[in-house]
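Note that this is a predicted model, so its numbers are computed, not measured.
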Protein chains: 2
Amino acid sequence: MNIYDVSQKAGVSIATVSRVLNGNRSVADSTRKRVEAAIKELGYEPNVFARGLGLNTMQTIGILCNDSSDIYIANAVYYLQHFLSEHHYDSILCCTGNNPDDFRKYTKMILSKRVDAVIYTGSQFILNQPEEHDNSYILNASKEVPIFLLNGILEGENIYCVVNDDHLAVHDAAMKLIKDGRRHIVYLYSGTTLSSQNKLSGFTDALNEAGIPNRIEYTHLGPKDIYAAKSYLESLYKKGLPIDAVMASEDTLAVGAVKFAEEHGIRIPEELEIIGYNNSILAECTQPELTSIDNHVEEVCRTLTDSCLKVLSGEDAPQKVVLTAVRIDRDTTVN
Amino acid sequence: MNIYDVSQKAGVSIATVSRVLNGNRSVADSTRKRVEAAIKELGYEPNVFARGLGLNTMQTIGILCNDSSDIYIANAVYYLQHFLSEHHYDSILCCTGNNPDDFRKYTKMILSKRVDAVIYTGSQFILNQPEEHDNSYILNASKEVPIFLLNGILEGENIYCVVNDDHLAVHDAAMKLIKDGRRHIVYLYSGTTLSSQNKLSGFTDALNEAGIPNRIEYTHLGPKDIYAAKSYLESLYKKGLPIDAVMASEDTLAVGAVKFAEEHGIRIPEELEIIGYNNSILAECTQPELTSIDNHVEEVCRTLTDSCLKVLSGEDAPQKVVLTAVRIDRDTTVN
DNA sequence: GAGTTAAATGAAAGCGCTTACAGAATGCGC
DNA sequence: GCGCATTCTGTAAGCGCTTTCATTTAACTC
């Protein structure tokens with residue numbers, strides 16, 4: 001069944017049907033009603049391909065992330081898709097796994113599907129690998145469709161960013177630990193994304209400001225894995241290095257710290273304070289429950305999709321929005 | 001730039017270019033190379049809409065789930081998308097939130113995008129709400145494209161199912177608890193999906209077989225939430241009802257059981273054994289770590305996408321595959 | 001080299017829609 | 001009733017591709 005059948009049923013031309021379909025004003029009310037009735041009666045659905053060919057758009061948005069099974073990303077993907085679908089945009093999801101090269105490939109692939117916009121979740125902005133620092137593929141993509149970055153920053157005409165102030169959040173958290181009298185704070189992080197970098201510098205800045213010397217082993221880049229975190233702390237412990245607090249760029253790493261403390265009979269939070277990041281469900285699973293920084297996935301996604309929908313409907317949107325992450329205090333920090 | 005430009009550059013007709021694009025055999029090698037060179041040089045990408053119009057397919061598969069932020073679903077979505085993309089299929093993701101009505105709506109929406117197949121993750125097969133028991137929309141969809149169910153079962157010509165033997169897994173786990181001498185086993189579950197039902201009957205069957213009377217309060221349907229589980233157990237505890245084991249249909253609920261035990265100084269596993277389901281990362285976060293049933297998301301997804309790709313390429317595939325879930329013993333059960 | 005067959009190519013007709021343009025209908029003032 | 005402006009509607013030309021069918025070319029065979 002196609003537009004022609006509808007036009008026959010309604011006794012009009014296909015042009016008129018098309019006009020009704022696209023909300024074109026110049027259709028007489030009586031005609032419009034007749035056509036709408038025909039559409040309903042036949043259960044007609046326009047062919048997206050033909051429509052796409054004509055309009056060069058398919059009400060579809062590409063979402064690129066590296067690992068949608070990561071709890072944080074999964075939440076983000078859920079909200080993004082959900083908010084977009086409220087406005088009748090579909091989402092094409094691409095997960096690159098963890099090969100950064102894939103971003104270039106997938107970007108190309110997704111653009112070839114003629115999406116109306118592309119949303120990148122921030123994790124892919126790899127900074128420390130020189131050859132990957134090249135974000136030109138995103139800049140190129142921005143020439144074709146508007147680009148939206150979740151927790152990533154890139155300047156460009158058609159690029160819109162929504163980020164958390166990770167630096168601030170970690171800085172504040174570190175300051176709290178320092179105020180609590182901690183002087184041997186281990187910072188565990190994983191990944192080398194922009195957001196990771198900001199968190200890290202938030203930590204080191206706080207230490208510098210407080211005049212606390214920062215031992216090199218106390219900031220550690222490792223895999224995003226409970227046991228990796230745990231065993232790193234153990235290695236420090238066995239060397240006899242004092243540890244009185246742990247900050248982590250991910251809740252998983254903080255969970256590792258809890259396990260480390262448990263195993264060695266270290267009391268939390270008296271002897272060891274721990275702060276995680278993301279305030280994911282993991283924070284509520286440990287005993288004691290984890291103090292963690294909440295970066296408001298839902299709000300971030302809402303802000304981003306709002307911008308996206310505005311841009312797509314021709315309105316202006318801020319090129320950069322910075323939201324504040326908030327620490328949720330639970331049992332791994334003192335009151 | 002379009003196919004015509006390529007044909008000009010290569011000095012052939014657009015028909016020939018199209019043949020090269022579609023791997024049609026009857027193109028001379030020399031011509032093929034010339035065309036391929038032209039394509040590469042121009043960086044030509046075929047227009048998916050035009051292509052879709054002609055072929056009535058866009059190498060895209062719809063994935064429908066109710067909550068992609070659920071850890072298990074998120075993993076499934078990741079693997080599905082990943083495996084499909086290996087074969088150049090894109091994934092359109094639709095999450096319905098938790099309104100079962102949405103499945104009908106989204107199914108329609110996704111079909112209107114002319115996807116080549118639809119994958120449902122099982123959770124939506126609501127059984128206990130009579131009006132929702134009606135899966136006719138899926139049967140209808142199966143007339144248009146092949147349908148794949150992850151952890152759902154529905155018979156139909158164009159419907160393919162991959163499930164875990166949830167009944168067996170829970171049955172075995174319950175038997176283990178009984179063998180350990182447990183007689184007051186609480187079964188916590190959430191959701192009324194097919195898979196939930198199977199788990200539940202696995203539990204009750206085991207009890208029946210062992211001749212253990214099953215108090216009605218000992219099987220409880222509640223939200224998929226740590227604290228809901230915890231407080232339900234507390235309510236039983238306060239009533240003075242004995243509890244010596246907890247089985248849960250989700251790890252979150254099992255985490256609640258661990259918290260319950262902790263708070264009341266109940267020793268795990270001596271006084272209380274706990275078994276979760278999904279073997280998610282949560283199982284490794286608690287102290288003691290959770291014994292949980294692993295349903296091999298990756299394998300399930302691989303099996304399903306294999307079937308899907310076979311069907312789409314015209315081959316046969318099994319209408320139903322049953323995989324076995326395996327209990328991973330950790331610290332909340334006795335050796 | 002003529003005759004036969006198979007392989008390679010091109011011309012052109014769609015696929016189902018949008019939209020520019022032209023034509024028909026309507027309304028209004030006089 | 002006529003002329004003009006305005007509002008509707010239809011015709012037809014694309015959009016960029018696939019594919020059928022006819023044609024050309026090449027490859028054999030005797």
Determine all donor-acceptor pairs shorter than 3.5 Å in which one atom belongs to a side chain in residues 51-58 of chain B; sequence neighbours excluded.
from    : atom 1 : to       : atom 2 : distance (Å)
B:Arg51 : NH2    : B:Asn22  : OD1    : 3.1
B:Thr57 : OG1    : B:Gln59  : N      : 3.2
B:Thr57 : OG1    : B:Asp116 : OD1    : 2.7
B:Thr57 : OG1    : B:Asp116 : OD2    : 2.9

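The overall bend of the helix from C:dG1-D:dC30 to C:dC30-D:dG1, read as the angle between its terminal helix axes built from five base pairs each, is 30° when rounded to 10 degrees.
For the pair A:Arg302 and A:Asp306, the minimum side-chain heavy-atom distance is below 4.5 Å. Looking at heavy atoms from C-beta onward, B:Val118 lies out of side-chain contact with B:Thr107 at the 4.5 angstrom threshold. The closest side-chain heavy-atom distance from B:Phe103 to B:Leu64 is below 4.5 Å. When side chains are defined from C-beta on, B:Val6 does not count as touching B:Leu21, because their heavy atoms never get closer than 4.5 Å.
Residues B:Lys9 and B:Ala38 share a closest heavy-atom pair of CG-CB, 3.7 Å. Nearest heavy atoms, B:Tyr44 versus B:Asn2: CE1-C, 3.6 Å. Across all their heavy atoms, B:Arg32 and B:Val27 have their closest contact at NH1-O, 3.6 Å.
More than 12 heavy-atom neighbours from other residues, nucleotides or ligands sit within 6.0 angstrom of CD on A:Glu86.
The side chain to side chain donor-acceptor pair (under 3.5 Å) test applied to B:Thr60 returns A:Lys113, not counting sequence neighbours. Shown here are the ring pair (Phe, Tyr, Trp, His ring centres under 6.0 Å) partners of B:Phe49, two or more places apart in sequence or in another chain: there are none. With sequence neighbours excluded, the residues satisfying side chain to side chain donor-acceptor pair (under 3.5 Å) with B:Ser69 are B:Asp67. Applying the ring pair (Phe, Tyr, Trp, His ring centres under 6.0 Å) criterion to A:Tyr106, with sequence neighbours excluded, gives no partner residue.
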Using atom names, set out every protein N or O paired with an N or O of nucleotides 23-25 of chain D below 3.5 Å, distance rounded to 0.1 Å.
none

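In this structure, B:Leu111 CG and B:Glu144 CD are separated by 5.0 Å, a value rounded to the nearest 0.5 Å.
The side-chain contact (heavy atoms from CB on, under 4.5 Å) test with B:Asn75 is passed by exactly one of B:Val300, B:Val297, B:Asp70, B:Leu80: B:Val297. Tested against B:Ile61 for a side-chain contact (heavy atoms from CB on, under 4.5 Å), the candidates B:Asp90, B:Val115, B:Ile119 yield a single pass: B:Ile119.
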Determine, step by step, whether B:Leu309 and B:Tyr89 satisfy the side-chain contact (heavy atoms from CB on, under 4.5 Å) criterion, reporting the C-alpha distance in whole Å, the side-chain angles of both residues, the deciding distance to 0.1 Å, and the verdict.
CA-CA 9 Å; B:Leu309 293 165; B:Tyr89 278 93; 3.6 Å; yes
Using the side-chain contact (heavy atoms from CB on, under 4.5 Å) rule, take B:Asn151 and B:Leu194 through it: C-alpha gap first, then chi angles, then the decisive distance, then the call.
CA-CA 8 Å; B:Asn151 286 335; B:Leu194 176 62; over 6 Å; no
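First and last contacts of DNA chain C with chain A, using any nucleotide atom under 4.0 Å from a protein heavy atom and ordered 5' to 3', fall at C:dG16 to C:dA20.
For DNA chain D, the residues of residues 3-12 of chain B within the heavy-atom distance limit of 4.0 Å (strictly under) are B:Ile3, sorted by number. For the segment residues 107-118 of chain B, the set of residues with a heavy atom within less than 4.0 Å of an atom of DNA chain D is empty. Of the residues in residues 13-34 of chain A, A:Ile14, A:Ala15, A:Ser18, A:Arg19, A:Asn22 come within less than 4.0 Å of DNA chain C through at least one heavy atom, sorted by number. For the segment residues 40-60 of chain B, the set of residues with a heavy atom within less than 4.0 Å of an atom of DNA chain D comprises B:Tyr44, B:Pro46, B:Asn47, B:Ala50, B:Arg51, B:Leu53, B:Leu55, in numerical order.
Ring geometry, B:Phe148 versus B:Tyr160: the interplanar angle falls under 30°, so the pair is classed parallel (tilted spans 30 to 60°).
Judged purely by distance below 3.5 Å, without hydrogens or angles, the side chains of B:Thr305 and B:Tyr79 never pair a donor atom with an acceptor atom.
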